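To start, the structure under review is shown below, and the notes come after it.
Lettering of chains follows the sequences in order, A, B, ..., and the numbering in each one begins at 1. What you see is a predicted model; the values in this text were computed from it and never measured.
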Amino acid sequence: MGENPDFRPHGDEIPGVVGGVVARVNGLSTAEKRERLEDLAPEELAEIEAEDEGDDHDLPDLPNVDEYDEIRMRAAPNPNGPWHIGHARMPAVIGTYKERYDGSFIVRFDDTDPETKRPDLDAYDAILDDIAYLGFDPDDVIIASDRVETYYEHARELIDAGGAYTCSCSGETFSELKNGGEACPHREKDAETTHEEFRAMIDGEYESGEMVLRVRTDIEHKNPALRDWVAFRMIDTPHPREEASDYRCWPMLDFQSGVDDHLTGVTHIIRGIDLQDSAKRQQFVYDYFDWEYPEVVHWGHVQIDAYDVKLSTSTLKEQIDAGELDGWDDPRAPTLQSLRRRGIRGEAVVDALIALGTSTSNVDLSMSSIYAANRELVDDDAERYFLVRDGERFVVEGDPDAGHPPLHPDHAERGERTIPATAGVLLEPDDVPAAGERVWLKGFACVRREGDGSADDGDAASDKRLVVTDDDIDAVRDGDVDVVHWAPAAGGIDVRMRTPEGDVDGVAEPDFAETDVDDVIQFERIGFVRVDEHGSDESVVYWTHP
RNA sequence: GCUCCGUUGGUGUAGUCCGGCCAAUCAUCUUGCCCUCUCACGGCAAGGACCAGGGUUCGAAUCCCUGACGGAGCACCA
């Protein structure tokens with residue numbers, strides 16, 4: 001109708017006219033439709049099939065990739081602690097793009113604040129471990145505090161270009177002037193004086209707070225966030241890295257990051273919305289140097305359901321110091337170290353984070369999507385065992401001596417387990433049948449509950465008995481009898497299962513001892529766990545997911 | 001207060017640039033059924049969304065305006 005305006009008044013009649021045809025086409029099979037289209041418009045068919053091929057990306061294409069010979073991206077963490085789940089988004093997305101475009105992935109530690117965001121010396125390696133856990137291998141690792149001289153050199157060039165001036169206003173004073181769109185008296189000083197004062201900053205002749213180097217942007221810019229921002233300031237506290245401990249004049253993020261992105265050839269910057277204004281700030285520096293600003297993608301914050309604790313490195317650190325958490329890999333902590341210990345593969349974390357895309361709105365990540373991705377990875381390999389929590393003891397009367405459930409229901413060739421029943425069995429309280437009712441002990445037999453438990457005469461109460469019946473499996477198929485897991489009353493293995501909700505104790509079947517540390521197995525009807533330790537008193541497992 | 005940005009089912013996402021192919025995709029989730037000696041895996045089915053109101057148009061998730069709600073920045077933090 002765009003082409004034939006005459007039809008417009010008749011728009012309402014269109015559905016009636018074309019409806020029959022549309023219904024007929026929809027009734028055709030895909031193959032038939034393809035055939036018809038090939039007759040009518042082969043070029044359109046080719047177009048559709050071309051679209052189908054390249055359309056399976058979870059992430060949108062990066063902007064303007066054709067304009068660059070190589071796509072280079074960087075993750076720029078602040079090394080103040082091991083990573084939580086939200087941090088994993090950066091390497092997950094960058095790593096995925098790197099694979100798609102055959103690009104580069106640089107890790108740059110932005111550790112230029114020895115005081116407020118004081119780096120943790122262990123965090124550098126911890127973060128690189130976290131990245132390796134996720135399955136990525138950075139092409140290069142650089143540390144900003146190694147590059148301070150480079151930032152000084154560029155600051156001098158910027159001063160020469162008229163793009164910076166030293167300023168001794170207090171933060172408060174300057175803020176007031178700036179919010180009114182007014183320059184401070186230092187703004188017009190000559191380059192020579194600025195050079196002299198900047199040299200004195202580098203030499204440490206000022207105390208913290210006495211002097212800064214500002215970038216000359218536009219003091220009347222309508223966005224107050226962009227007006228003459230600070231590029232360098234004095235910090236009295238020495239940097240924790242010995243190599244950098246003598247510096248007192250430190251660059252701010254926007255200067256350091258902007259210079260490094262250019263010098264390391266970064267083509268695409270991916271970062272959070274908290275840095276939305278950074279590109280606009282840094283653009284002023286890029287203009288003075290006549291550099292081309294990289295492409296930028298911003299994304300929103302990630303919140304994760306299922307955790308009480310906040311997704312914040314500093315909060316986690318406080319909780320660990322206060323003893324509320326056992327450490328960074330406490331199962332209650334939303335950290336990558338915790339997920340790793342629980343047996344969740346980095347690949348599953350990456351899959352779930354990639355599915356979030358890169359939208360600028362804030363997103364909630366469900367742990368269930370990480371669980372779903374991980375279950376897909378581990379289910380086929382996970383051998384099955386029984387664990388009984390809060391076991392109630394019953395004697396068993398009748399044959400056989402032991403149960404033999406398979407190690408994996410889909411893989412009979414892997415063999416079966418042996419669970420002795422002669423010394424009695426343990427059942428979870430929820431699974432105990434009422435007096436006279438039956439229950440199927442999985443891998444063993446159908447049993448009937450005798451006695452109602454009222455005559456409590458000790459450990460092997462005479463009325464806590466399970467008598468083997470002659471029912472066959474049809475009893476289960478008919479839906480009359482529930483199948484439950486169980487453990488032997490003697491010879492089982494004490495297990496402590498650590499979960500995000502706290503520790504749970506139980507007894508596992510004897511064959512559980514054959515598992516190796518790091519194996520991910522499934523306790524049937526409970527969930528997947530990772531074997532953490534086989535101790536002399538007990539074994540410890542970490543709960544993975546249902 | 002000033003300045004940016006966003007809003008599609010419970011969650012995430014596709015579609016928005018270039019209005020009709022959208023009675024809106026896919027995944028997760030929930031429920032039911034099938035399979036099954038696990039509440040796992042697998043299969044089938046169902047459930048559930050275009051923030052609101054105006055405008056433009058034959059036609060709006062898509063374009064325009066207003067509002068609501070949410071987020072971010074205005075640091076000598078990153």
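Heavy-atom minimum distance, A:I219 versus A:R227: O-CD, 3.1 Å. Smallest separation of non-hydrogen atoms from A:I273 and A:H298: CG2-CB, 4.3 Å. Smallest separation of non-hydrogen atoms from A:Y165 and A:C184: CE1-SG, 4.1 Å.
Rounded to a whole angstrom, the distance from the C1' atom of B:G54 to that of B:A49 is 23 Å. Rounded to the nearest Å, the gap between the P atom of B:C5 and that of B:C22 is 31 Å. For the C1' atoms, the distance linking B:A14 with B:C50 amounts to 13 Å, nearest Å. Comparing the C1' positions of B:G19 and B:C64 gives an interatomic distance of 13 Å, to the nearest angstrom. Using P as the reference atom, B:C51 and B:A45 are 29 Å apart when rounded to the nearest Å. Spacing between B:U13 and B:A61 at atom C1', rounded to whole Å, works out to 15 Å. Nucleotides B:C44 and B:A60, compared at atom P, are 36 Å apart to the nearest Å. Spacing between B:U31 and B:U3 at atom P, rounded to whole Å, works out to 49 Å.
B:C41 atom C1' lies 17 Å from atom CD1 of A:I521, rounded to whole Å. Summarising the geometry, the separation between CG on A:L387 and P on B:A40 is reported as 17 Å, rounded to the nearest angstrom. When the C1' atom of B:U36 is taken as reference, atom CH2 of A:W440 falls 13 Å away, rounded to whole Å. As a whole-Å value, the separation of A:W486 CH2 from B:U38 P is 15 Å. A:H301 has its NE2 atom 10 Å from the P atom of B:G71, to the nearest Å. Rounded to an integer number of Å, the gap from CZ of A:R384 to C1' of B:C39 is 12 Å. Rounded to whole Å, atom C1' of B:G12 lies 17 Å from atom OH of A:Y371. A straight line from CG of A:D277 to P of B:G6 spans 13 Å, rounded to a whole angstrom.
Between A:D379 and A:R384 there is a salt bridge, since a side-chain N of the basic residue sits under 4.0 Å from a carboxylate O of the acidic one. Comment: A:R74 does not engage A:D260 in a salt bridge, judged by the lack of any side-chain N to carboxylate O separation of less than 4.0 angstrom. Ion pair A:D110/A:K117 not flagged as a salt bridge, since none of the NZ, NE, NH1 or NH2 atoms sits closer than 4.0 Å to an Asp/Glu carboxylate oxygen. In this structure, A:E524 pairs ionically with A:R417, as a charged nitrogen and a carboxylate oxygen lie closer than 4.0 Å.
For A:R477, counting side-chain heavy atoms from C-beta on, the closest listed nucleotide (B:C5, B:G10, B:C37) is B:C37. Considering only side-chain atoms of A:D379, the nucleotide from B:U38, B:G6, B:A40 that sits closest is B:A40. Listed nucleotides B:A72, B:A40, B:A78 differ in distance to A:I273; the shortest reach to its side chain belongs to B:A72. The side chain of A:P224 lies closest to B:U3 when the candidates are B:U3, B:U28, B:A78. Counting only heavy atoms from C-beta on, A:V363 has its side chain closest to B:U13 among B:U13, B:C74, B:C29. Ranking B:U28, B:C37, B:U13 by closeness to the A:S359 side chain, first place goes to B:U13. Here the side chain of A:V230 is nearest to one of B:G71, B:A78, B:C76, namely B:C76. When distances run from any side-chain atom of A:Q276 to the nucleotides B:U11, B:C37, B:G71, the shortest one goes to B:G71. Out of B:U38, B:C74, B:A78, the shortest distance to the side chain of A:R281 is found at B:C74. Comparing B:C76, B:C4, B:C41 against the side chain of A:K222 picks out B:C4 as the nearest.
Secondary-structure stems of RNA chain B, taken as three or more successive Watson-Crick or G-U wobble pairs (i with j, i+1 with j-1) under a 3.5 Å distance threshold, comprise B:1-7 with B:68-74, B:10-12 with B:26-28, B:29-34 with B:42-47, B:51-55 with B:63-67.
With hydrogens and angles ignored, no donor-acceptor pair closer than 3.5 Å exists between the side chain of A:K442 and the base of B:C37.
In this structure, A:R241 forms no cation-pi arrangement with A:F109, as its terminal cationic atom is not both closer than 6.0 Å to the ring centre and no more than 45° off the ring axis.
Test A:Y151, A:W229, A:F232, A:Y152 against A:F255 for ring-ring contact (aromatic ring centres under 6.0 Å, His included) and you get one pass: A:F232.
In this structure, A:C169 reaches the bases: a heavy-atom distance under 4.0 Å links it to at least one base atom across the strands shown. Backbone-only engagement by A:S175 is indicated by non-hydrogen atom pairs under 4.0 Å involving sugar-phosphate atoms exclusively.
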